[in-house]
Amino acid sequence: MYAQEVKSTGKGVLSLEEMDPVERAFQEKVNAGVKIEPKDWMPEGYRKTLIRQISQHAHSEIVGQLPEGNWITRAPTLERKAILIAKVQDEAGHGLYLYCAAETLGVSRDQMTEQLLSGKAKYSSIFNYPTLTWADIGAIGWLVDGAAIMNQVPLQRCSFGPYSRAMIRVCKEESFHQRQGYDIMMKLCAGTLDQKAMAQDALDRWWWPSLMMFGPSDAQSVHSAQSLAWKIKQDTNDELRQKFVDQTVPQAKYLGLSVPDPDLKWNEEKGGHDFGEVDWEEFFQVVSGNGPCNADRMAARRKAWSDGEWFRDALMAHAEKHSADKVAAE
Amino acid sequence: MSNEWPLWEVFIRGQHGMSHRHVGSLHAPDSEMAINNARDVYTRRNEGVSIWVVKAGDITASAPGEKGPLFEPANSKVYRHPTFFDIPDDVGRM
């Protein structure tokens with residue numbers, strides 16, 4: 001998802017009997033649904049896993065502004081432009097809520113920024129694909145934000161209080177994002193043949209990368225099992241991917257678009273769709289930096305950070321001077 | 001990357017008559033910028049009519065370990081709740 005490759009540091013899930021009393025008390029709290037707060041005792045692995053997951057999630061929100069920002073100046077109407085600006089501004093806000101949640105665990109904002117800019121920290125693979133046409137803005141809202149919601153709704157129940165509270169705010173705002181995207185797709189699909197073809201082309205390009213957002217199958221992952229035990233995560237990647245496919249296929253049908261998967265078919269027995277295998281080789285290539293836009297995205301973030309440095313420093317210098325004046329006047 | 005802006009805690013009054021509630025935090029160089037940033041980050045959808053910002057470092061919090069001594073004594077004082085007292089129906093509303 002927005003944090004696709006979170007490696008926890010746990011050595012496998014311990015049973016309550018194997019834990020020392022402090023850890024057992026912690027796990028019992030988690031099991032009882034009591035939220036863990038920043039100053040409470042927590043296992044080091046829990047803290048590290050959360051810092052990685054929340055910061056990856058935050059970085060994804062921030063980098064996620066870039067593909068959509070690409071179309072702000074070229075939105076087809078003033079209203080669409082205002083909507084897109086509001087959406088991109090929301091993404092910045094979501095990044096900020098999440099950075100603050102991560103900071104409560106003892107990592108600083110600058111450390112996280114440094115990890116993103118040095119390439120040490122990951123962000124979602126989805127933002128390394130280009131936005132070639134206006135229909136891509138529709139497809140991103142509909143599919144990418146749709147997949148994000150699928151993942152973020154259960155995260156509202158995450159055991160770590162600040163993350164859970166940040167997710168509640170994010171989810172409240174996210175539904176607008178998906179609906180504005182679908183609205184763009186509906187307009188295009190009701191338009192000329194060329195416009196409808198543009199919508200189909202966007203679905204063709206965004207479908208598989210959207211399925212990759214849920215991350216690799218976690219059947220064999222020890223990290224995933226630990227995150228489930230700590231209630232950092234509530235569902236497996238595969239469960240969420242299945243839910244997303246089942247929800248989205250009828251929406252594509254309503255638009256009169258076809259999902260680019262020859263293996264997609266309804267399976268009456270399981271009450272869900274069967275679908276083809278994601279190209280995991282492509283996924284790992286994109287995550288490890290070799291996607292179509294990885295270099296552009298990082299270059300844009302680095303430029304923004306270094307171009308803004310004088311301004312950040314100037315505001316800080318002004319604030320310090322001002323506070324010195326205040327002390328002198330007292 | 002050494003000159004990090006300080007952290008501020010943000011409190012918003014949702015509507016007139018309600019108290020300010022903690023909504024989150026943000027970084028800003030001074031209190032004026034903290035208010036401006038809080039408006040953009042926490043009130044994009046008419047969430048508030050008033051904003052407070054407090055430097056996070058200026059807040060003193062109770063320690064999680066003191067939870068017992070601080071809050072448990074109230075558990076036994078059930079008579080502080082009106083439902084502790086049985087008043088006959090004949091008395092009427094009280």
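First the proteins, then the strands, lettered A, B, ... as listed; each starts at 1.
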Pairwise distance [atom1]([X]) to [atom2]([Y]) - rounded to 0.5 angstrom:
X: A/Ser323; Y: B/Asp30; atom1: OG; atom2: CG; result: 9.0 Å
X: A/Tyr99; Y: B/Leu7; atom1: OH; atom2: CG; result: 14.5 Å
X: B/His22; Y: A/Arg165; atom1: NE2; atom2: CZ; result: 8.5 Å

Do the side chains of [Y] and [X] get nearer than 4.5 Å, heavy atoms only?
X: B/His27; Y: A/Leu96; result: no
X: B/Met33; Y: A/Leu315; result: yes
X: A/Lys39; Y: B/Ser62; result: no

inquiry  = Heavy-atom pairs under 4.5 Å with chain B: which of A/Arg109, A/Glu103, A/His318 has the most?
reply    =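 The residue among A/Arg109, A/Glu103, A/His318 with the greatest pair count is A/Arg109.
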
request  = Among the options A/Glu37, A/Lys172, A/Glu173, A/Glu320, pick out the one with the most heavy-atom pairs lying under 4.5 Å from chain B.
outcome  =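 So the answer, after comparing A/Glu37, A/Lys172, A/Glu173, A/Glu320, is A/Glu173.
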
Residue [X] excluded, over 12 heavy atoms near [atom1] under 6.0 Å:
X: A/His322; atom1: NE2; result: no
X: A/Lys303; atom1: NZ; result: no
X: A/Phe311; atom1: CZ; result: no
X: B/Arg39; atom1: CZ; result: no
X: A/Asp20; atom1: CG; result: yes

Criterion salt bridge (charged side-chain N to carboxylate O under 4.0 Å, His left out) on A/Arg312 and B/Glu4, from CA distance to verdict = CA-CA 8 Å; A/Arg312 292 191 303 275; B/Glu4 191 175 284; over 6 Å; no

Tell me the closest heavy-atom pair linking [X] and [Y], and the distance in Å.
X: A/Gly93; Y: B/Arg44; result: CA-NH1, 3.9 Å
X: A/Ala319; Y: B/Pro29; result: CB-O, 3.3 Å
X: A/Arg169; Y: B/Val41; result: NH2-O, 4.4 Å

Which portion of A/Thr104 sits near chain B, non-hydrogen atoms under 4.5 angstrom =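 Neither the backbone nor the side chain of A/Thr104 comes within 4.5 Å of chain B.
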
key: Atom group of B/Glu47 that falls short of 4.5 Å from chain A, counting heavy atoms   =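 When you check distances to chain A, only side chain atoms of B/Glu47 fall under 4.5 Å.
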
message = Check this for me, if you would: do B/Arg45 and A/Asp90 make a salt bridge, where the nitrogen-to-carboxylate-oxygen distance has to be below 4.0 angstrom?
response =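 Salt bridge between B/Arg45 and A/Asp90, a charged N being under 4.0 Å from a carboxylate O: yes.
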
